[in-house]
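Just so you know, these numbers come straight off a predicted model, no measurement behind them.
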Amino acid sequence: MDNSRNLIRKILIRDLELLCSIGVNEKEHLSPQRIIINIEVNLDIKCFPENDRIEETLNYDLIYSGIKKIVKSKHFNLLETLAGSIDSFLSTFQSVNSKSVSISKPDIYSDCKDVTYKISDLKK
């Protein structure tokens, strides 16, 4: 019996650091801010490269490059809006069962590590 079909398959992109035009304050419109993005994608059980071919799975490069394109596409007032755009993008892949997107602003306050917004539909 092939137990590989019972495995949970995920793609994780961790601590992707990008510059983004984001924020509602006037000074935030003047220059891009550093953000850190974390993605967790649970893949459909059928999404498995049985023949070691990229066409049989979800190419994580599509996720990576798509996120970068979204971040560079415009000014975002809110972390929530940017996270929602990335979440919607991830929903376009048929092999994605569920996902989680978190975006942090690490430089927003001097007395805490970061401020993070997270959107998730991951099933437990």
Side-chain angles (χ1 to χ4, degrees):
M1 176 154 74
D2 182 9
N3 289 330
S4 66
R5 288 283 176 199
N6 297 323
L7 298 175
I8 296 171
R9 295 175 178 84
K10 298 181 182 214
I11 294 175
L12 302 165
I13 295 179
R14 297 175 31 184
D15 299 330
L16 174 59
E17 187 174 319
L18 299 171
L19 290 177
C20 181
S21 180
I22 192 163
V24 294
N25 298 327
E26 186 176 326
K27 79 172 196 176
E28 293 176 308
H29 284 258
L30 299 176
S31 60
Q33 295 181 64
R34 187 167 64 110
I35 60 169
I36 298 176
I37 300 174
N38 285 282
I39 305 293
E40 181 175 332
V41 173
N42 284 337
L43 300 174
D44 185 275
I45 196 165
K46 297 173 190 166
C47 186
F48 181 72
E50 291 183 21
N51 299 302
D52 197 27
R53 297 172 47 93
I54 193 69
E55 299 83 18
E56 298 174 315
T57 190
L58 177 55
N59 182 347
Y60 54 78
D61 189 54
L62 296 174
I63 296 172
Y64 172 80
S65 59
I67 291 168
K68 290 181 78 169
K69 184 176 179 180
I70 291 167
V71 168
K72 300 287 184 202
S73 69
K74 65 177 189 171
H75 176 85
F76 292 90
N77 286 324
L78 304 172
L79 286 173
E80 293 87 340
T81 308
L82 176 55
S85 294
I86 294 170
D87 181 74
S88 293
F89 164 68
L90 294 173
S91 295
T92 65
F93 296 101
Q94 289 183 328
S95 55
V96 171
N97 273 349
S98 58
K99 62 225 172 293
S100 174
V101 177
S102 69
I103 304 174
S104 302
K105 283 183 163 182
D107 305 318
I108 198 73
Y109 299 119
S110 62
D111 58 352
C112 69
K113 180 179 175 184
D114 61 31
V115 173
T116 300
Y117 178 80
K118 183 175 183 178
I119 186 169
S120 177
D121 66 358
L122 289 177
K123 298 166 181 86
K124 292 190 177 195

Open item on the list: Would a single hydrophobic cluster contain both I108 and L79, if residues Ile, Leu, Val, Met, Phe, Trp and Tyr are joined by side-chain heavy-atom contacts under 4.5 Å?
Closed with: no
Open item on the list: List the residues meeting side-chain contact (heavy atoms from CB on, under 4.5 Å) with N38, not counting sequence neighbours, and say none if there are none.
Closed with: R14, D15, I36, S102
Open item on the list: Between V115 and I37, is there shared hydrophobic-cluster membership here, with clusters defined by ILVMFWY side-chain heavy atoms closer than 4.5 Å?
Closed with: no
Task: D52 atom CG, over 12 foreign heavy atoms within 6.0 Å - done: no
Open item on the list: With rounding to the nearest 0.5 angstrom, report the CG to OG distance, N42 to S98.
Closed with: 3.5 Å
TODO: Would you mind reporting whether K105 and I22 have side-chain heavy atoms less than 4.5 Å apart?
DONE: yes
Open item on the list: Tell me whether N59 contacts the main-chain N or O of D61 through its side chain, where contact means a donor paired with an acceptor under 3.5 Å.
Closed with: yes
Open item on the list: Run the ring-ring contact (aromatic ring centres under 6.0 Å, His included) test against F89 and tell me which residues pass, sequence neighbours left out.
Closed with: F93
Open item on the list: Using side-chain heavy atoms (C-beta onward) and a distance below 4.5 Å, is S100 in contact with K118?
Closed with: yes
Open item on the list: For the NZ atom of K27 and the CD atom of Q33, what is their distance to the nearest 0.5 Å?
Closed with: 8.0 Å
Task: Euclidean distance, F76 CZ relative to I86 CD1, rounded to 0.5 Å - done: 7.5 Å
Task: Residues N77, H29; criterion side chain to side chain contact (heavy atoms under 4.5 Å, CB included); working and verdict - done: CA-CA 9 Å; N77 286 324; H29 284 258; 3.8 Å; yes
Task: Atom CG of L30 with >12 non-hydrogen neighbours under 6.0 angstrom - done: yes
- [ ] Indicate yes or no for a side-chain donor-acceptor contact from T92 to the backbone of S88 under 3.5 Å, with no hydrogens or angles considered.
- [x] no
Open item on the list: According to a hydrophobic-cluster definition based on side-chain heavy atoms being under 4.5 Å apart (Ile, Leu, Val, Met, Phe, Trp, Tyr only), do L19 and Y117 belong together?
Closed with: no
TODO: Return each pair, listed once, that meets salt bridge (charged side-chain N to carboxylate O under 4.0 Å, His left out) where at least one residue sits in residues 64-81; pairs must be two or more places apart or across chains.
DONE: none
Task: Linked hydrophobic residues, I54 as query - side chain contacts closer than 4.5 Å - done: none
- [ ] Heavy atoms only: give me the nearest P49-T57 pair and the separation to one decimal.
- [x] CD-CB, 4.1 Å
Task: Any pair counted as salt bridge (charged side-chain N to carboxylate O under 4.0 Å, His left out), so long as it reaches residues 106-115, sequence neighbours left out - done: R34-D107
Open item on the list: Can a donor-acceptor pair be found, under 3.5 Å and without considering hydrogens, that links the side chain of H75 to the backbone of G23?
Closed with: yes
- [ ] Drop me the distance from D87's CG to L82's CG, to the nearest 0.5 angstrom.
- [x] 11.0 Å
Task: Nearest-0.5 Å distance, OG1 of residue T116 to CD1 of residue I35 - done: 11.0 Å
Task: Nonpolar side-chain network containing V24, other nodes, edges under 4.5 Å - done: L78
- [ ] Would you give the length of the straight line joining atom NZ of K46 to atom CG of N97, rounded to the nearest 0.5 angstrom?
- [x] 9.5 Å
Open item on the list: Within the supplied structure, the quantity of interest is the number of heavy atoms (other residues, nucleotides, ligands) at a distance under 6.0 Å from E55 CD; does it exceed 12?
Closed with: yes
Open item on the list: Any heavy-atom pair between the side chains of K99 and I39 that's under 4.5 Å?
Closed with: no
Open item on the list: When you group the ILVMFWY residues by side-chain heavy-atom contacts below 4.5 Å and let the links chain together, are L58 and L16 in the same group?
Closed with: yes
